[in-house]
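As structure tokens, the structure follows; a few thoughts come after it.
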Amino acid sequence: MSATVIDGAAVGRRRRGRSWRGRSINLMYLPALLLFGVFMVYPFVNGIVLSLTNWNGYSPTRDFVGADNFLRIFRDSNFAVALRNTFIYGVGSTLIQQVFGLGLAVLLDRNIRGRNAYRAIVYLPVLVSQVVMGTMYYLVFRYHQGALNDILGVFGVPQVAWLSDANFAIGVMVMINSLQFMGVSMLIYLSGLQSIPEEVKEAAALDGAVGLTRFWRITVPLLLPAFASSCVLNLIGGLKLYDIVQVLTGGGPGYSTNSVSTLIARTYFEDQSAGYAAAQGIILFLVIAAFTVVLNMWFDRLRQNQEG
């Protein structure tokens with residue numbers, strides 16, 4: 001009987017010890033939760049509150065206007081243009097980054113001389129600020145003393161106002177964003193390629209799957225998790241594009257090259273309409289969240305079909 005009592009007491013102490021250790025580990029979450037609450041949850045909730053007011057960003061008073069700011073968005077042609085441009089920046093950049101990122105990953109996955117140096121060179125633009133990257137290309141495409149116009153001048157070609165053409169400027173910004181961040185896609189796809197077991201490659205070779213056949217039938221299906229990660233990251237970054245647009249065109253000429261992010265800044269600081277800017281920010285958040293959810297669901301369905 002005494003041995004049973006001692007064993008029961010020991011079990012109780014072990015259980016209490018495990019319970020205390022679990023609570024101690026849970027307490028370690030508090031700093032992260034606090035930071036998340038202060039820098040993510042509070043600004044988001046405050047933004048929702050501001051979107052329901054007519055605050056100008058400076059006045060100590062504000063009036064509740066309900067959903068007026070959100071209804072105004074549907075009548076705002078400038079927001080429609082910015083939303084269209086945002087889709088172009090996000091989807092266009094994502095597609096280009098996947099093509100070039102995957103191509104570079106396949107190329108640099110081979111045992112070629114200096115491949116680590118080439119990987120570093122491709123990834124290097126990711127470390128450069130988008131403001132710096134935008135400034136570099138602005139010096140190329142600007143009208144007065146732009147590098148491209150100077151080169152054309154050598155051949156007697158008149159100067160061209162490159163960035164005054166909205167379609168050209170939008171294409172340039174998609175190109176810049178794609179070139180800067182395709183190194184992220186390259187690394188993701190490299191990781192995916194290197195995680196494919198050698199046994200699978202050897203089995204495919206024995207079955208006669210070589211070259212493009214092996215790539216499409218074996219490699220691409222096994223890269224679905226990498227595709228999902230790369231597409232989601234690139235899409236979110238493209239939909240939030242701000243710095244490059246602000247540096248190159250400031251959203252001009254007029255409002256023709258604005259993204260939703262730059263339009264929010266103009267609405268807040270130039271129009272002094274903080275409540276309306278907050279409503280635009282909420283809509284941008286919902287657009288990004290919707291794209292992310294749909295894209296993840298699509299990749300999940302592809303994986304399920306593959307496994308089935």
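Within a 6.0 Å sphere centred on CD of Q194, other residues, nucleotides and ligands contribute more than 12 heavy atoms. Open room surrounds OH on Y118; 12 or fewer heavy atoms of other groups in view lie less than 6.0 Å from it. Open room surrounds CZ on F74; 12 or fewer heavy atoms of other groups in view lie less than 6.0 Å from it. A 6.0 Å sphere centred on CZ of F299 holds more than 12 heavy atoms belonging to other residues, nucleotides or ligands.
Q180 places a side-chain N or O within 3.5 Å of a backbone atom of V128 that can act as its donor or acceptor partner. Not one N or O on the side chain of R266 forms a donor-acceptor pair closer than 3.5 Å with the backbone of D271. Looking at W55, its side chain does come within 3.5 Å of a backbone N or O of S59 through a donor-acceptor pair.
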Derivation of the side-chain contact (heavy atoms from CB on, under 4.5 Å) call for Y89 and I244 = CA-CA 11 Å; Y89 295 141; I244 292 175; over 6 Å; no
Could you walk me through whether R119 and L104 pass the side-chain contact (heavy atoms from CB on, under 4.5 Å) check?
-> CA-CA 9 Å; R119 292 173 184 175; L104 288 168; over 6 Å; no
Start with the C-alpha gap between N85 and I170, add the side-chain angles, then the distance that decides, and say whether side-chain contact (heavy atoms from CB on, under 4.5 Å) holds.
-> CA-CA 8 Å; N85 293 341; I170 289 172; 3.4 Å; yes
Would M182 and I96 count as a side-chain contact (heavy atoms from CB on, under 4.5 Å) if you check the C-alpha gap in whole Å, the side-chain angles of each, and the deciding distance to 0.1 Å?
-> CA-CA 8 Å; M182 67 182 179; I96 295 173; over 6 Å; no
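With hydrogens and angles left out, the side-chain atoms of N234 and S185 include a donor and acceptor closer than 3.5 Å. Using a 3.5 Å distance cut-off with no hydrogens or angles, the side chains of T292 and N296 do not pair a donor with an acceptor. Looking only at atom types and distance, the side chain of S273 has no donor-acceptor partner in the side chain of T267 under 3.5 Å away. Under the 3.5 Å distance criterion, with hydrogens and angles disregarded, a donor-acceptor pair is assigned to the side chains of S93 and N177.
The aromatic rings of Y268 and Y58 sit perpendicular, their planes meeting at an angle over 60°, well past the 30° parallel limit.
At a threshold of 4.5 Å between side-chain heavy atoms, the hydrophobic network of Ile, Leu, Val, Met, Phe, Trp and Tyr places L127 and V122 in one connected group. When hydrophobic clusters are built by joining Ile, Leu, Val, Met, Phe, Trp and Tyr residues whose side-chain heavy atoms come closer than 4.5 Å, directly or via intermediates, L222 is grouped together with F227.
Proximity of the aromatic rings of F100 and F181 is defined here by a centroid distance below 6.0 angstrom, and this criterion is not met.
Scanning both residues, I112 and L108, for their nearest heavy atoms gives CD1-CD2, 4.0 Å.
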